[in-house]
K.L.:
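What follows is a structure written as structure tokens; I'll ask about it next.
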2 protein chains.
Amino acid sequence: MSGAATREQIVDAADRLFYHRGYEHTSFADIAAAVGLSRGNFYYHFKSKDAILDAVIEARLAGTRHMLEQWESQQPTPDGRILQFVEIVLTNGTDIQQYGCPVGTLNTELAKLGHTLHGQARGLFTLFRDWLREQFTLLGHGEQADDLAMHVLAFSQGVAVLSHTFRDEEFVRREVDRMRDWLSTYRK
Amino acid sequence: MSGAATREQIVDAADRLFYHRGYEHTSFADIAAAVGLSRGNFYYHFKSKDAILDAVIEARLAGTRHMLEQWESQQPTPDGRILQFVEIVLTNGTDIQQYGCPVGTLNTELAKLGHTLHGQARGLFTLFRDWLREQFTLLGHGEQADDLAMHVLAFSQGVAVLSHTFRDEEFVRREVDRMRDWLSTYRK
DNA sequence: CACGATCTAGGACAGTTGTCCTACGAGGCG
DNA sequence: CGCCTCGTAGGACAACTGTCCTAGATCGTG
């Protein structure tokens with residue numbers, strides 16, 4: 001197999017496993033088994049577990065950027081775009097119920113471990129934060145745009161943690177409705 | 001040393017370490033070092049790591065019940081009590097910035113691990129949820145009291161995750177203010 | 001075909017994990 | 001005093017961790 005393709009497979013498998021089980025609880029052996037490679041051979045592709053994490057975060061950053069661009073092309077209005085973000089807790093509802101928010105749980109874990117790459121992982125949040133801030137600025141709330149962006153982020157994280165804990169879809173739906181109402185007061 | 005006192009010391013140390021580093025990332029050796037005991041000797045007090053976790057959760061449940069009773073005696077009005085809960089993200093602001101919410105991070109970790117004791121840990125959330133629901137019922141919002149209770153819980157978790165990630169105290173303050181405004185619309 | 005680069009399997013490695021056992025010491029009670 | 005329970009130290013145990021090495025397979029290119 002080509003090295004680049006294998007590397008991509010490793011990153012894909014690691015991404016999924018880190019999300020489902022957490023970073024620390026995922027071992028080289030787990031990733032190797034998922035890809036179908038021998039454990040020792042990993043050193044050829046990644047010189048350490050941290051290097052895999054780095055690649056996973058990089059892949060998530062790229063994926064998120066791509067998703068945000070899609071949202072921008074699909075939703076012409078800033079409030080439609082913000083709503084698109086808000087509804088992600090419904091769109092990805094099943095995954096969030098089972099595994100939590102991929103961004104939130106990774107950041108929480110790395111922050112608690114005092115991991116070197118927490119700064120990188122925080123970049124995932126920053127991506128959403130900056131994008132949301134831009135949408136609120138376009139709505140004419142430039143001076144408090146960052147505050148509003150953080151509020152929407154906090155909403156998503158609160159819903160994700162409780163959805164993950166209680167596995168209650170109705171709760172998620174009610175919170176999204178509440179958020180929709182709140183958003184409408186900021187619409188042009 | 002008396003066995004009961006040693007047991008209490010172990011639970012205290014484990015409680016702190018589980019909060020600061022996470023359950024999985026805390027080893028018997030870590031707890032032993034914190035208490036000043038030999039690692040092998042732990043089996044005398046707890047027959048497994050899960051047994052320690054069980055005792056820690058039990059201790060947190062008892063502590064939480066005690067705190068809620070204190071709040072009830074200190075705050076005569078239901079809205080004052082809810083506000084007391086809301087402001088916990090400021091009261092424990094330093095800890096939350098460094099280690100996240102002790103209830104939220106434990107539940108997230110155990111849910112992701114598929115751990116047997118996740119049900120027990122969820123009880124910590126349920127304690128707050130039921131208590132908040134009671135306060136909203138006393139405020140005359142019986143039919144949507146649980147919904148409102150979950151909303152307040154979601155607020156606390158969203159703020160905790162972002163505070164832990166960004167370490168921004170001003171953000172916490174703004175969210176608490178926002179919550180105060182929201183609460184005032186539900187006051188008698 | 002032969003060569004060199006690329007990719008792989010398998011295992012060695014030192015360290016750590018949770019678990020469990022045995023032997024010892026301290027202290028109260030007969 | 002001798003006994004017996006309670007608490008402890010120290011280490012054995014197998015399994016697993018991330019890391020690293022070496023020998024061989026595969027494959028495109030000269």
Side-chain angles (χ1 to χ4, degrees), chain A residues 1-58 106 109-110 112-118 120-121, chain B residues 1-58 106 109-110 112-118 120-121:
Chain A
M1 195 185 332
S2 103
T6 305
R7 198 190 139 96
E8 200 174 336
Q9 276 198 354
I10 292 176
V11 174
D12 278 2
D15 191 348
R16 207 180 56 252
L17 287 168
F18 288 172
Y19 178 33
H20 291 189
R21 312 187 187 183
Y23 171 67
E24 259 221 317
H25 191 237
T26 301
S27 69
F28 268 46
D30 294 331
I31 306 173
V35 182
L37 285 181
S38 73
R39 190 172 98 264
N41 189 30
F42 264 75
Y43 205 71
Y44 178 78
H45 297 280
F46 292 97
K47 69 176 190 306
S48 73
K49 197 183 173 186
D50 287 2
I52 298 187
L53 176 60
D54 198 32
V56 166
I57 294 175
E58 215 56 55
L106 181 65
E109 184 178 1
L110 296 185
K112 196 162 278 210
L113 294 181
H115 198 288
T116 323
L117 291 173
H118 174 222
Q120 305 277 112
Chain B
M1 198 187 326
S2 104
T6 305
R7 199 189 138 96
E8 201 173 337
Q9 277 198 353
I10 292 176
V11 174
D12 278 0
D15 191 346
R16 207 180 54 250
L17 287 168
F18 289 171
Y19 178 35
H20 291 189
R21 311 187 186 184
Y23 172 65
E24 259 219 316
H25 193 235
T26 301
S27 69
F28 268 46
D30 293 331
I31 307 173
V35 182
L37 285 182
S38 75
R39 190 173 97 266
N41 188 31
F42 263 76
Y43 205 71
Y44 179 80
H45 297 279
F46 293 96
K47 71 175 188 307
S48 74
K49 198 183 172 186
D50 288 1
I52 298 188
L53 176 59
D54 198 33
V56 166
I57 294 176
E58 215 57 54
L106 182 65
E109 185 178 1
L110 296 185
K112 196 160 277 211
L113 294 181
H115 198 287
T116 324
L117 291 174
H118 174 221
Q120 305 277 112

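Chain letters run A, B, ... following the sequence lines, proteins first, then strands; residues in each count from 1.
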K.L.:
Side chain to side chain contact (heavy atoms under 4.5 Å, CB included) for Arg7(A) and Phe46(A)? Distances and angles first, verdict last.
P.N.:
CA-CA 8 Å; Arg7(A) 198 190 139 96; Phe46(A) 292 97; 3.4 Å; yes

K.L.:
Could you identify which residues of residues 16-24 of chain B place a heavy atom less than 4.0 Å from some atom of DNA chain D, listed by residue number, or say none?
P.N.:
none

K.L.:
Is the phosphate of dT17(D) approached by Thr26(A) (side-chain N or O, under 4.0 Å from OP1 or OP2)?
P.N.:
no

K.L.:
Would you please enumerate the stems DNA chain D participates in, each stem being three or more consecutive Watson-Crick or G-U wobble pairs with both distances under 3.5 Å?
P.N.:
C:1-24 with D:7-30, C:26-30 with D:1-5

K.L.:
Sub-3.5 Å donor-acceptor pair from the side chain of Glu109(B) to the main-chain atoms of Gly22(B), do we have one?
P.N.:
no

K.L.:
Can you check whether Val56(B) reaches Leu106(B) side chain to side chain, under 4.5 Å on heavy atoms?
P.N.:
no

K.L.:
Using atom CZ of Phe28(A) as one end and atom C1' of dA9(C) as the other, report the distance to the nearest whole Å.
P.N.:
16 Å

K.L.:
Find out whether Leu53(A) and His115(A) are in side-chain contact, i.e. whether some heavy atom of one side chain is under 4.5 Å from a heavy atom of the other.
P.N.:
yes

K.L.:
For Phe28(B) and Phe42(B), take the angle between the two ring planes, folded into 0 to 90°, and tell me which bin it lands in: parallel under 30, tilted 30 to 60, perpendicular over 60.
P.N.:
tilted

K.L.:
Could you check if a side-chain atom of Ile52(B) sits within less than 4.5 angstrom of a side-chain atom of Tyr23(B), using non-hydrogen atoms only?
P.N.:
no

K.L.:
Below 4.0 angstrom, which residues in residues 44-57 of chain B have at least one non-hydrogen atom near DNA chain D?
P.N.:
Tyr44(B), His45(B)

K.L.:
Rounding to an integer number of Å, can you tell me how far His25(B) NE2 sits from dT17(D) P?
P.N.:
15 Å

K.L.:
Taking the nucleotide of DNA chain D with the closest heavy atom to each, which residue, Ser27(A) or Phe42(A), is nearer the 5' end?
P.N.:
Ser27(A)

K.L.:
Taking only N and O in the side chain of Tyr43(A), is any of them less than 4.0 Å away from OP1 or OP2 of dT19(D)?
P.N.:
no

K.L.:
Are the side chains of Phe18(A) and Ile31(A) in contact, using a 4.5 Å heavy-atom criterion?
P.N.:
yes

K.L.:
Side chain of Gln120(A), backbone of Asp54(A): donor and acceptor closer than 3.5 Å?
P.N.:
no

K.L.:
For Asp15(B), enumerate each residue passing the salt bridge (charged side-chain N to carboxylate O under 4.0 Å, His left out) test, keeping only those at least two apart in sequence or located in another chain.
P.N.:
Arg60(B)

K.L.:
To the nearest 0.5 angstrom, please state how far the NZ atom of Lys112(B) sits from the CD atom of Glu24(A).
P.N.:
13.0 Å

K.L.:
Using a 4.0 Å heavy-atom cut-off, write out nucleotides 9-15 of chain D from 5' to 3' as B (base contacted by protein), S (sugar-phosphate only) or - (no contact).
P.N.:
BBBB---

K.L.:
So, using salt bridge (charged side-chain N to carboxylate O under 4.0 Å, His left out) as the criterion, who are the partners of Asp30(A) when residues are at least two apart?
P.N.:
Arg21(A)

